[in-house]
There are 2 protein chains.
Amino acid sequence: MSFEEALKLENQTCFAVYACAKEITRLYQPVLKELGLTYTQYIAMLALWERDAVSVKELGERLYLDSGTLTPLLKKLEAQGLLTRARDAGDERQLLIRLSSAGKALKEKALEVPEKVFCQSGVNVEMLLKIRSQMGELMTALQPVGAADQRGE
Amino acid sequence: MSFEEALKLENQTCFAVYACAKEITRLYQPVLKELGLTYTQYIAMLALWERDAVSVKELGERLYLDSGTLTPLLKKLEAQGLLTRARDAGDERQLLIRLSSAGKALKEKALEVPEKVFCQSGVNVEMLLKIRSQMGELMTALQPVGAADQRGE
DNA sequence: TTTATTTTAATTGCATACAATTTAATTTGA
DNA sequence: TCAAATTAAATTGTATGCAATTAAAATAAA
């Protein structure tokens, strides 16, 4: 591919992924609105439904988000009564996020989200699974770059 | 897959794409910093290098961005001297975006961006092409949903 | 122990994103 | 023609997203 071709928008894999990510969150939006959640709030709740009483740091590592994003987001979820934020008694640096009963209860309503979104999309299961595995491959291919610093390389 | 499994973070294709998109822009960031551009500004310039003197609307359709995002972004690029913003004489509603000589000249420096980013990533060409075509498929599968309104369905 | 370093969140500042509304210009229709 | 509807940007308001800095707490090291 020529340098010229390499700059065309339609040839950018980065743009394809970027555009898809936005389109996907757009698809979720109306469904999540029924739960009173934004997309980012939804994935935060997904993480908490899997593992409760975690620190902001752990949550951030799982969601690839830092405290700059999570602190205000978690404050909003706290204001909605879905979770509590309290310092860890053993290590006051850490803030433990715990689901409230309302937060746990919301999971029941969320159970139908994946199917609803899937039905609204024109995607079949095979494509979905293929994409997920491919994104996983891509992520592991990209991650070492940033992770090298942490390992001191 | 059970409803329970369907809510696990690692099973979310949406999250996989969302996380990859962020990781990709992170990868571009240091390379684009040398050009004085953010990722979104970069894809806007890519579009303009392909076709100059376009309206905000046309640019928005190609980038999947609306005027709420583009107006401030284009004002910044104008302030950097990369483009001009002027109403279309034929239709005063439209704002025509035109590259300045500096904006056109920047393309030369940008020619090496794709390769630089590619080399920094641990991705091979095959994976890249496969992902791009898959994202294209996904986009067309998702687009009809939103596009139906425009077609009046 | 007591200072230096590290760790964890919060904060600050900047740049998106996008829904909803507003404004100005153009086109449609009665 | 001229009011109604439509279109294109800009604006407003809310919610991310992240780099960089700050503050507080814990750990390491001298």
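Only a predicted model underlies this, so the values are computations on that prediction, with no experimental measurement involved.
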Participant: Has the side chain of A:Asn11 got a donor or acceptor atom that lies under 3.5 Å from a matching backbone atom of A:Glu5?
Facilitator: yes
Participant: To the nearest Å, give me how far apart CD (A:Gln29) and C1' (D:dT16) are.
Facilitator: 13 Å
Participant: Tell me whether the side-chain N/O atoms of B:Lys57 come closer than 4.0 Å to OP1 or OP2 in D:dT6.
Facilitator: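 It does not, given that no N or O in the side chain of B:Lys57 lies less than 4.0 Å from OP1 or OP2 of D:dT6.
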Participant: Give a yes or no on whether the backbone of B:Glu4 and the side-chain of A:Trp49 come within a donor-acceptor separation of less than 3.5 Å.
Facilitator: no
Participant: Quickly work out the A:Tyr42 OH to D:dA15 C1' distance and round it to whole Å.
Facilitator: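 Atom OH in A:Tyr42 sits about 19 Å away from atom C1' in D:dA15.
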Participant: All N/O contacts under 3.5 Å from nucleotides 12-15 of chain C to the protein, with atom names and distances to one decimal?
Facilitator:
none

Participant: Between the main-chain N or O of B:Tyr64 and the side-chain N or O of A:Lys22, is there a donor-acceptor pair closer than 3.5 Å?
Facilitator: yes
Participant: Without swapping roles, check the side chain of B:Asp52 against the backbone of B:Leu99 for a donor-acceptor pair under 3.5 Å.
Facilitator: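 Pair found, side chain donor or acceptor close to backbone of B:Leu99.
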Participant: Nearest nucleotide by nearest heavy atom, which residue falls closer to the 5' end of DNA chain D, A:Gly90 or A:Asp66?
Facilitator: A:Asp66
Participant: Compare the minimum distances between each of D:dG17, D:dA26, C:dT11 and the side chain of A:Glu92, then state the nucleotide with the smallest one.
Facilitator: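 Among the listed nucleotides, the one closest to the side chain of A:Glu92 is D:dA26.
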Participant: Could you tell me how far apart B:Leu96 (CG) and D:dA8 (P) are, to the nearest whole angstrom?
Facilitator: 12 Å
Participant: Take atom CZ of A:Phe15 and atom C1' of C:dA17, then tell me their distance rounded to the nearest Å.
Facilitator: 14 Å
Participant: Whole angstroms only, please: what is the CG-P distance between A:Leu74 and D:dT16?
Facilitator: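 The distance from CG of A:Leu74 to P of D:dT16 comes to 10 Å, rounded to the nearest Å.
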Participant: Please determine whether side chain to side chain contact (heavy atoms under 4.5 Å, CB included) holds for the pair B:Met135 and A:Ile131, giving the CA-CA distance in whole Å, both sets of side-chain angles, and the decisive distance to 0.1 Å.
Facilitator: CA-CA 8 Å; B:Met135 289 297 106; A:Ile131 289 171; 3.7 Å; yes
Participant: Whole angstrom is fine here: how far is it from CD1 in B:Ile97 over to C1' in D:dA10?
Facilitator: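 Taking atom C1' of D:dA10 as the reference, CD1 of B:Ile97 is at 12 Å.
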Participant: For the side chain of A:Arg26, counting heavy atoms from C-beta on, which of C:dA10, D:dG17, C:dA19 is nearest?
Facilitator: C:dA19
Participant: Taking 4.0 Å as the cut-off, does a side-chain nitrogen or oxygen of A:Ser67 come that near to OP1 or OP2 on C:dA9?
Facilitator: no
Participant: State whether the side chain of B:Arg85 and the backbone N or O of B:Leu96 hold a donor-acceptor pair below 3.5 Å, judged by distance alone.
Facilitator: no
Participant: Which of the following nucleotides, D:dA20, C:dA10, D:dC18, is nearest to the side chain of A:Leu65?
Facilitator: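 Among the listed nucleotides, the one closest to the side chain of A:Leu65 is D:dC18.
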Participant: Starting at the 5' end of DNA chain C and moving along, which residue's nearest nucleotide shows up first, A:Lys33 or A:Glu58?
Facilitator: A:Glu58
Participant: Within the pair B:Arg85 and D:dA10, is there a side-chain N or O less than 4.0 Å away from OP1 or OP2?
Facilitator: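 Checking D:dA10 against B:Arg85, a side-chain N or O does come within under 4.0 Å of OP1 or OP2.
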Participant: Quick check for you: among C:dT6, C:dC18, C:dT11, whose closest atom lies nearest to any side-chain atom of A:Arg93?
Facilitator: C:dT6
Participant: So, does B:Ser55 get its side chain near the phosphate of D:dA9, meaning an N or O under 4.0 Å from OP1 or OP2?
Facilitator: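 Yes, such a contact exists.
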Participant: Where the side chain of A:Gln94 is concerned, which of D:dA9, D:dG17, C:dA9 is the nearest nucleotide?
Facilitator: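 Minimum distance to the A:Gln94 side chain belongs to C:dA9.
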Participant: Given atom CG of A:Leu70 and atom C1' of C:dA9, what is their separation to the nearest angstrom?
Facilitator: 10 Å
Participant: Looking at A:Glu10, I'd like to know if its CD atom is crowded, meaning that more than 12 non-hydrogen atoms belonging to other residues, nucleotides or ligands lie closer than 6.0 Å.
Facilitator: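 Open: at most 12 neighbouring heavy atoms sit under 6.0 Å from CD of A:Glu10.
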Participant: Roughly how many Å is it from CG in B:Asp91 to C1' in D:dA9, rounded to a whole number?
Facilitator: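 Roughly 11 Å, once rounded to whole Å.
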Participant: According to a strict under-4.0 Å criterion, is B:Tyr39 in side-chain N/O contact with OP1 or OP2 of D:dG17?
Facilitator: no
Participant: In terms of side-chain heavy atoms of B:Thr69, which of D:dC18, C:dA17, C:dT8 is nearest?
Facilitator: C:dA17
Participant: Quick check: does any side chain N or O of A:Thr71 sit under 3.5 Å from a backbone N or O of A:Ser67, one acting as donor and the other as acceptor?
Facilitator: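 A pair under 3.5 Å: yes.
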